[in-house]
K.L.:
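Could you have a look at this structure, given as structure tokens, before my questions?
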Amino acid sequence: MILGWPDAIKGFEINALSGYLNAKLNRIVTGIEIDAALAELRDLELVEQDRGIYYLTEPDRPELELYAPLEAAFETSGVLSALNIDRHERVFQKTATSGVRSAGRLSMPDFTLAAVKSWRFDPRRSLEVYSFEVKRRSGTSLASVYEAVAHGRFVHHPYLVCPRSVLDPQQNAQLKHTCAREGVGLILFDIVADPPKKFRLERLSVIEKAVRRTPDPQEVEDYLSKRLSAENCLALERIAKGVQA
């Protein structure tokens with residue numbers, strides 16, 4: 001009920017909250033009840049206090065901590081299915097810290113997926129490379145869309161992956177609009193605090209699909225050779241040639 005109070009977004013004092021709850025529930029809400037509710041919201045990282053004023057907030061985690069649950073979620077959330085990728089015809093790797101680093105930050109998307117697609121009525125097979133730029137809540141901005149745009153030099157489908165905001169739906173709308181305008185895919189998820197000090201990701205979903213780029217094939221091959229592990233390079237080569245593992 002506190003989270004649904006419109007005035008809570010701007011910050012509130014206990015007395016104002018007490019008056020709101022009393023009117024909403026049509027009874028006297030005790031100080032013990034209010035303290036218990038605020039304590040629960042603090043544990044869930046949904047409210048914080050500063051000099052007697054309480055503010056609604058949203059959980060966040062360092063980007064490095066998001067990698068492992070995101071990688072697992074990609075496998076189980078239906079995202080790959082939404083991108084029409086056959087799980088047996090692709091390689092997927094965290095590339096934030098792997099491979100050659102001399103190319104610069106804008107050549108290092110956090111995840112790379114390379115899939116070889118085939119079609120029922122077309123004997124040709126095509127390589128489709130996807131990049132996924134991950135941002136934590138505090139790092140999500142319109143500038144992050146343009147980081148993903150830069151990846152279009154060497155991948156076919158650049159994506160931005162970041163938390164959605166319940167408190168700031170305007171930011172969600174701006175991200176979606178900018179991604180659509182720039183042809184960048186957008187994948188949103190929720191960070192849910194799971195005390196003590198743990199968290200989980202929920203509602204990972206493709207909001208906007210990337211518009212396919214046509215990068216120079218040599219740029220694509222150079223990128224994959226530099227960023228993917230030797231094992232994944234060999235696996236992708238076998239897939240491209242139609243060789244069973």
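FYI, the numbering just counts along the sequence from 1. Because only heavy atoms are used, hydrogens play no part in the values below, and waters and symmetry mates are left out as well, while side chains stay in. Model, not experiment: these values are computed from the prediction.
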K.L.:
Could you see if Met1 belongs to whatever hydrophobic cluster contains Leu3? Use Ile, Leu, Val, Met, Phe, Trp, Tyr and a side-chain cutoff under 4.5 Å.
P.N.:
yes

K.L.:
Does this structure show an ion pair linking Glu40 with Arg42, if we count only N-O contacts that are shorter than 4.0 Å?
P.N.:
no

K.L.:
Between Ser165 and Glu58, is there a side-chain heavy-atom distance shorter than 4.5 Å?
P.N.:
yes

K.L.:
Between the main-chain N or O of Ile14 and the side-chain N or O of Ser18, is there a donor-acceptor pair closer than 3.5 Å?
P.N.:
no

K.L.:
Does Glu45 pair with Arg61 as a salt bridge, N-O distance under 4.0 Å?
P.N.:
yes

K.L.:
Is there a side-chain contact between Ser205 and Val79 in this structure, where contact means two heavy atoms from C-beta onward sitting under 4.5 Å apart?
P.N.:
no

K.L.:
When you check the gap from the basic side-chain N to the acidic O, do Glu63 and Arg136 get nearer than 4.0 Å?
P.N.:
no

K.L.:
Check whether Asp190 reaches the backbone of Arg203 with its side chain - one donor and one acceptor, N or O, closer than 3.5 Å.
P.N.:
no

K.L.:
Can you confirm whether or not the ring centre of Phe12 sits under 6.0 Å from the ring centre of Tyr55?
P.N.:
no

K.L.:
Using the ring of each side chain (for Trp, its six-membered ring), is Tyr223 parallel, tilted or perpendicular to Phe154, with breaks at 30° and 60°?
P.N.:
parallel

K.L.:
For the aromatic rings, using the six-membered ring if either is Trp, is the centroid distance between Tyr67 and Phe111 under 6.0 Å?
P.N.:
yes

K.L.:
Would Glu208 and Ile187 count as a side-chain contact (heavy atoms from CB on, under 4.5 Å) if you check the C-alpha gap in whole Å, the side-chain angles of each, and the deciding distance to 0.1 Å?
P.N.:
CA-CA 7 Å; Glu208 193 77 32; Ile187 298 176; over 6 Å; no

K.L.:
Main chain of Gln218, side chain of Asp216: is a donor-acceptor contact present, judged purely on distance under 3.5 Å?
P.N.:
yes

K.L.:
Are side-chain heavy atoms of Arg213 and Pro158 found at a separation under 4.5 Å?
P.N.:
yes

K.L.:
Do Val161 and Leu186 belong together in a cluster built from hydrophobic side chains that touch within less than 4.5 Å?
P.N.:
no

K.L.:
Distance from Ile207 atom CD1 to Leu188 atom CG, nearest 0.5 Å?
P.N.:
4.5 Å

K.L.:
Side-chain contact, heavy-atom cut-off 4.5 Å: Glu48 with Leu56?
P.N.:
no

K.L.:
Is the shortest side-chain heavy-atom distance between Pro163 and Thr140 below 4.5 Å?
P.N.:
yes

K.L.:
With ring-ring contact (aromatic ring centres under 6.0 Å, His included) as the test, pick out the partner of Phe74 among Phe189, Tyr159, Phe132.
P.N.:
Phe132

K.L.:
Between Glu75 and Arg90, does at least one N-O distance fall below 4.0 Å, as a salt bridge requires?
P.N.:
yes

K.L.:
Please determine whether side-chain contact (heavy atoms from CB on, under 4.5 Å) holds for the pair Lys209 and Asn84, giving the CA-CA distance in whole Å, both sets of side-chain angles, and the decisive distance to 0.1 Å.
P.N.:
CA-CA 11 Å; Lys209 286 191 175 182; Asn84 300 316; 3.8 Å; yes

K.L.:
Give me the one residue out of Val155, Thr112, Leu83 that meets side chain to side chain contact (heavy atoms under 4.5 Å, CB included) with Tyr130.
P.N.:
Leu83

